[in-house]
2 protein chains.
Amino acid sequence: MVVETVPSQAEVDQIFHALADATRRDILERVIGREQSVSTLGRAYAMSLPAVQKHVGVLERAGLVSKHRAGREQHVRAEPERIALARELLGRYEELWRTRIAAMDRLLAEDPTEQKE
Amino acid sequence: MVVETVPSQAEVDQIFHALADATRRDILERVIGREQSVSTLGRAYAMSLPAVQKHVGVLERAGLVSKHRAGREQHVRAEPERIALARELLGRYEELWRTRIAAMDRLLAEDPTEQKE
DNA sequence: CGTTTCTACAACCATCGGGTTGCAGATTAC
DNA sequence: GTAATCTGCAACCCGATGGTTGTAGAAACG
């Protein structure tokens, strides 16, 4: 069963903004289905650790990952439901597209001379 | 049949960045299945026309809309395939998630004492 | 023709984004 | 206790973004 909560525009902004960076998408890929510590992630990229921390922070605020402390290290975990939500949002556009196209076809079939404004 | 072209990271950046703004998402919604001129779009928002033009430009560079001149006015049209592409990209994450989870389950079933590094 | 409308582009400004370095707190290892 | 590791945060730099105003070209209307 699909969760029916409608996220705010600001939340949607955050989700897509978080996805609009190759490093963040790569981090997301790495932690899907297998948690990784922040420092482990940090070693994977040619940038400073604070930079990676910031990326994780952006993903976390978007709800795409969550952090869980395990001793002195912090584990990053993907949140698949949030990813699914983003996909559903895009699905709405496609649904809207089909609806509009269908409506247009129906209109043309009913009365080819009329123009809907 | 699904088009199998793999977009560059920069293209994916552009696509998600274009989607990370409420005004742009609204523009996209408006032009799905029904073209609209730039000035018509401009009248719909509480901002200057150049601002709306810029938003359309961002959507256009991301491939989510295209512009077509009709006399003196320019019509903006949504590109549903590009939206579908974005959705498929997110679908890859979910697929990866299922794959990883399945692999983990299989590993645990085969040898519960071993820990994969 | 002149006027209006639709569009485009340049310049400017404030804010944000992604990167850096440096410092400090907690936890683990020795 | 001391040292090493993992993390977090603040300050800073610079390029990109999102908005503005102003100017100008091209097409439609009178």
Side-chain angles (χ1 to χ4, degrees), chain A residues 8-31 34-77 115 117, chain B residues 8-31 34-77 115 117:
Chain A
S8 70
Q9 292 285 14
E11 281 180 283
V12 181
D13 285 5
Q14 286 182 318
I15 293 172
F16 285 122
H17 172 250
L19 292 170
D21 181 284
T23 302
R24 285 196 289 267
R25 288 193 300 275
D26 197 78
I27 291 175
L28 193 55
E29 268 196 41
R30 280 176 184 269
V31 300
R34 48 176 194 198
E35 295 189 0
Q36 289 197 17
S37 71
V38 175
S39 58
T40 303
L41 287 172
R43 273 179 236 110
Y45 303 98
M47 66 182 72
S48 68
L49 188 58
V52 176
Q53 282 183 30
K54 282 193 184 181
H55 283 306
V56 172
V58 172
L59 287 166
E60 191 184 17
R61 276 188 293 280
L64 292 167
V65 305
S66 57
K67 290 194 293 190
H68 307 271
R69 189 164 281 283
R72 81 178 144 179
E73 56 187 29
Q74 190 99 253
H75 288 183
V76 181
R77 168 193 309 172
Q115 295 277 359
E117 173 262 333
Chain B
S8 70
Q9 294 284 15
E11 282 180 283
V12 180
D13 285 5
Q14 286 183 317
I15 293 171
F16 285 121
H17 172 250
L19 292 170
D21 181 283
T23 302
R24 285 196 289 267
R25 287 193 301 275
D26 196 78
I27 291 176
L28 192 55
E29 269 197 41
R30 279 176 185 269
V31 300
R34 50 177 194 197
E35 295 189 0
Q36 288 197 17
S37 71
V38 175
S39 58
T40 303
L41 287 172
R43 272 180 238 110
Y45 303 98
M47 66 183 72
S48 68
L49 189 58
V52 176
Q53 282 183 32
K54 283 192 183 182
H55 283 305
V56 172
V58 172
L59 287 166
E60 190 185 17
R61 275 188 294 278
L64 292 167
V65 306
S66 57
K67 289 193 294 190
H68 306 272
R69 189 164 281 283
R72 81 178 143 179
E73 56 187 29
Q74 190 100 250
H75 288 183
V76 181
R77 167 194 310 172
Q115 295 276 0
E117 171 261 337

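Values below: every heavy atom of this structure, side chains too, minus hydrogens, waters and symmetry copies. Every chain is numbered from 1, with letters handed out A, B, ... down the list of sequences.
Atom-to-atom, CZ of A/Arg61 to C1' of C/dC16 comes out at 12 Å; the value is rounded to the nearest Å. Separating the CD1 atom of B/Ile27 from the P atom of D/dG18 is a distance of 11 Å, rounded to the nearest angstrom. Across the protein-nucleic acid pair, B/Gln36 atom CD and C/dT7 atom P stand 11 Å apart, rounded to whole Å. Rounded to whole angstrom, the span from the CD atom of B/Gln74 across to the P atom of D/dA28 amounts to 13 Å. Here the C1' atom of nucleotide D/dT5 and the NE2 atom of A/His75 are 13 Å apart, to the nearest Å. Rounded to a whole Å, the CD atom of B/Glu73 is 14 Å from the C1' atom of D/dC29. Between A/Lys67 atom NZ and D/dC9 atom P there is a gap of 7 Å when expressed in whole angstrom units. Counting to the nearest Å, the C1' atom of D/dC6 and the CZ atom of A/Arg72 are 6 Å from each other.
The two residues B/Arg77 and B/Val31 make their nearest non-hydrogen contact at C-CG2, 4.3 Å.
Nucleotides of DNA chain C nearest to B/Arg43 and A/Val58 differ in position, and the one nearer the 5' end is that of B/Arg43. DNA chain C is contacted by both A/Gly71 and A/His17; A/His17 maps to the nucleotide lying nearer its 5′ end (nearest heavy atom per residue).
Regarding contacts with the backbone of D/dA27, every side-chain N or O of B/Arg69 stays at 4.0 angstrom or more from both OP1 and OP2.
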Begin with the C-alpha distance, continue with both residues' side-chain angles, and end with the deciding distance and a verdict on side-chain contact (heavy atoms from CB on, under 4.5 Å) for B/Arg69 and B/His75. CA-CA 6 Å; B/Arg69 189 164 281 283; B/His75 288 183; over 6 Å; no
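The one candidate from B/Gln36, B/Gln53, B/His68, B/Lys67 that meets the side-chain contact (heavy atoms from CB on, under 4.5 Å) condition with B/Gln74 is B/Lys67.
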Distances under 3.5 Å between protein N/O atoms and the N/O atoms of nucleotides 19-25 of chain C, please, pair by pair.
unit_1 : atom_1 : unit_2  : atom_2 : d
C/dG19 : OP2    : A/His55 : NE2    : 2.1
C/dG19 : N7     : A/Lys54 : NZ     : 3.1
C/dG19 : O6     : A/Lys54 : NZ     : 2.2
C/dT20 : OP1    : A/Ser48 : N      : 3.3
C/dT20 : OP2    : A/Ser48 : N      : 2.8
C/dT20 : OP2    : A/Ser48 : OG     : 2.5

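To the nearest 0.5 Å, atoms CD1 (A/Ile27) and NE2 (A/His55) are separated by 6.0 Å. With values rounded to the nearest 0.5 angstrom, A/Leu49 atom CG is found 9.5 Å from A/Leu41 atom CG.
For the pair A/Arg30 and A/Tyr45, the cation-pi criterion (under 6.0 Å, within 45° of the ring axis) is fulfilled.
For B/Arg24 (side chain) and B/Ala18 (main-chain N/O), a donor-acceptor pair under 3.5 Å exists by modelled atom type.
Nucleic acid contact class of A/Gln53 (heavy atoms, under 4.0 Å, all strands): base.
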